[in-house]
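Values reported hereafter were calculated over all heavy atoms of this structure, with side chains retained and with hydrogens, waters and symmetry mates removed.
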Amino acid sequence: QVHMVESGGGLVQAGGSLRLSCVPSGRTLSGLTVAWFRRTAEKERDFVSVIRGNGGHTYYADSVKGRFTISRDNAKNTVYLEMSSLKPEDTAVYYCAGSRGAILSTLRSPDAYNYWGQGTQVTVSS
């Protein structure tokens, strides 16, 4: 059974940086579109960023654009989310999700994703 495994969360001060990692368990990363979502008190699954399986195009939520960078290393079977200039409002549980064939119009919807991780907590103190 395929699922995603996240790591790298933690506690950081506002303005600091963290790097999250995501590895698919049970299959390779090749061809898999991978996204990050986050759960806050206000929203169950809030889109953060996605990197497509074919071509590697990336997309970001407006709230993180310019501060977060998503990337993939197929050789290491890992997707990264580099987060910088962190704000207290970035505090959330971050989930990695994988999709076998999400189309462009659905990339920001959690319903487009087949595989999910358990989440990793990111806490940004003010």
So CE of Met83 and CZ of Arg19: to nearest 0.5 Å the spacing works out to 11.5 Å
Can you see which heavy atom on Ser99 is nearest to which on Ala102, and at what distance?
OG-N, 3.0 Å
Do the side chain of Ser49 and the main chain of Tyr59 share a donor and acceptor less than 3.5 angstrom apart?
yes
Indicate yes or no: at least one non-hydrogen side-chain atom of Val48 is less than 4.5 angstrom from one of Leu81.
yes
Would you check if Asp46 and Thr40 make a side-chain contact, meaning some heavy-atom pair closer than 4.5 Å?
no
Are the side chains of Gln121 and Tyr94 in contact, using a 4.5 Å heavy-atom criterion?
no
Side-chain touch Val79/Ile70, heavy atoms, less than 4.5 angstrom
yes
Is there side-chain contact between Leu29 and Val34, with heavy atoms separated by less than 4.5 Å?
yes
Would you verify whether the NZ or CZ of Arg45 falls within 45 degrees of the ring axis of Tyr95 while also being under 6.0 Å from that six-membered ring's centre?
yes
Given side-chain hydrogen bond (donor to acceptor under 3.5 Å, both in side chains), test Arg67 with Tyr60 step by step and report yes or no.
CA-CA 10 Å; Arg67 300 188 298 122; Tyr60 298 91; over 6 Å; no
Within-4.5 Å side-chain heavy-atom neighbours: Val93 and Gln118
no
Can you confirm whether Leu32 sits close enough to Tyr113 that some side-chain heavy atom of one is under 4.5 Å from a side-chain heavy atom of the other?
no
I want to know whether Trp116 and Phe37 have ring centres closer than 6.0 Å.
yes
How close do Val2 and Gly26 get, counting heavy atoms only, and between which atoms?
CG2-O, 3.8 Å
Under 4.0 Å between a Lys/Arg side-chain N and an Asp/Glu carboxylate O for Lys87 and Asp90?
no
What are the two closest heavy atoms between Thr33 and Arg52, and how far apart are they?
OG1-CA, 3.6 Å
